[in-house]
Protein chains: 2
Amino acid sequence: MHVCTYICVVKLEQAIQSNKFKDEVHKSALNILYTAWWLKTQSAIILKQFGITHEQFNVLRILKGKHPDDMCVRDIAGRMIEKNSNVPRIIDRLELKKLVERKQSQIDKRETVIHLTPLGVNLLEKCSEAIDTHRATEFAINNEEAMQLNALLEKIRSKEV
Amino acid sequence: MHVCTYICVVKLEQAIQSNKFKDEVHKSALNILYTAWWLKTQSAIILKQFGITHEQFNVLRILKGKHPDDMCVRDIAGRMIEKNSNVPRIIDRLELKKLVERKQSQIDKRETVIHLTPLGVNLLEKCSEAIDTHRATEFAINNEEAMQLNALLEKIRSKEV
DNA sequence: GTTAATTATATGTATGTACATCTATCTACT
DNA sequence: AGTAGATAGATGTACATACATATAATTAAC
């Protein structure tokens, strides 16, 4: 049954069919990786209807921050979640779909500057709405819990200092 | 300076150079994705010394669970963190490195069964030790906090029921 | 018992990441 | 001014994911 399938994957042990964790910290690491995969899969389902990927959406969202101004590739890359994203190639695909325009900067000719087309603005708006609605209805935590979660995620990374 | 660089990326706002989050739940989603990227990057640095990737390590770890018995591709796939992993191709690379052996099942000839070689067992042991040490020393949360984190991550996914 | 449906795996293609290298341009230094 | 070094972006390769399709073997239906 449908319900059964879903109950099974909420617990990490069921999702990866293992309960052999060294400790809770080990389990946390796997849980973060699994939840990230779950998040990406959820948004991919939404975005597929609009013909773009999670990463392409991320670039459009970043460009929106400066719209109608241009952004250079380096600035986009610095705002990406995955720091080794190959931004020029993501731009290639957005350009093919006429969602962005790319041109050489006249100030610094090494730079390529990119901006959203009206089509891109339009698509982004629809995608954002769908994603926001999905998050509001399908993510089963409240604002308070999200704050705790954010604090813990930032704590796990804090040893780098 | 080194310290400065690292302080900057602990906070999500600095890591992705944005503080325009709709709410804490939105920020949580980005924080989970960023932390997952951070975790993968950290383990990639460790595993590169041993010549394998994060995903290849994951498959070796899964095979260890049944060692010295075989596992079929489907069983491995069911235990992967990323559920759409293309397991046959990960096995291809492990086989090339002589870390696993693959043969047709005699019980069900559709199945390919895989087991670790002594070389694979040996490499996995070294990798696991390095990864475990890294986690113990570099992940700045204790067991109690990890339990809270696990509970919150499972809660965020619980609406699927 | 033969055929249809299902299952397990492999493989092809598009996309993305990680990282090395190449080219064009800019900046700094003499 | 002319050159060395740095920087921005593009591009090539290896690996991985997402998903469609192909192939072989098993199971189910008749």
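Per chain, numbering begins at 1; letters A, B, ... match sequence-line order. All values below come from the heavy atoms of this structure, side chains included, with hydrogens, waters and symmetry mates left out.
For A:Arg74, a side-chain nitrogen or oxygen approaches OP1 or OP2 of D:dA8 to under 4.0 Å. Dashed line: the shortest gap from a side-chain N or O of A:Ser105 to OP1 or OP2 of D:dA8 is not under 4.0 Å. Note on B:Asn84: every side-chain N or O is 4.0 Å or more away from OP1 and OP2 of D:dT17. Dashed line: the shortest gap from a side-chain N or O of B:Arg93 to OP1 or OP2 of D:dA16 is under 4.0 Å.
Of the residues B:Ile91, B:Leu119, B:Asp92, the one that meets the side chain to side chain contact (heavy atoms under 4.5 Å, CB included) test with B:Val100 is B:Ile91. Across A:Lys66, A:Glu101, A:Arg102, a single residue satisfies side-chain hydrogen bond (donor to acceptor under 3.5 Å, both in side chains) together with A:His115, and that is A:Glu101.
If you check D:dC15, D:dT17, D:dT26 against the side chain of B:Glu82, the one that comes closest is D:dT17. Of all nucleotides listed (D:dG9, D:dA25, D:dC15), D:dG9 comes nearest to the side chain of A:Val73. If you check D:dA25, D:dA16, D:dC19 against the side chain of B:Asp108, the one that comes closest is D:dA25.
The distance between atom CD of B:Glu111 and atom C1' of D:dT27, rounded to the nearest whole Å, is 14 Å.
Map A:Asp75 and A:Ile45 each onto its nearest nucleotide of DNA chain D; the residue landing nearer the 5' end is A:Asp75. Where A:Ser85 and A:Lys109 each meet DNA chain C at their nearest nucleotide, the meeting point lying more 5' is that of A:Ser85.
Residue contacts for B:Lys48: at a heavy-atom cut-off of 4.0 Å it reaches the sugar-phosphate backbone alone, with no base atom in range.
Not one N or O on the side chain of B:Lys103 forms a donor-acceptor pair closer than 3.5 Å with the backbone of B:Val113.
In 5' to 3' order, the nucleotides of DNA chain C bounding all contacts with chain A (an atom under 4.0 Å from a heavy atom) are C:dT15 to C:dC26.
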message = Run the side chain to side chain donor-acceptor pair (under 3.5 Å) test on A:Asn31 and B:Asn150 for me, step by step, so that the C-alpha distance in whole Å, both residues' side-chain angles and the decisive distance to 0.1 Å come before the verdict.
response = CA-CA 7 Å; A:Asn31 223 339; B:Asn150 285 321; 2.9 Å; yes
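Listed here is the closest heavy atom pair of A:Ala146 and B:Val25: CB-N, 3.7 Å.
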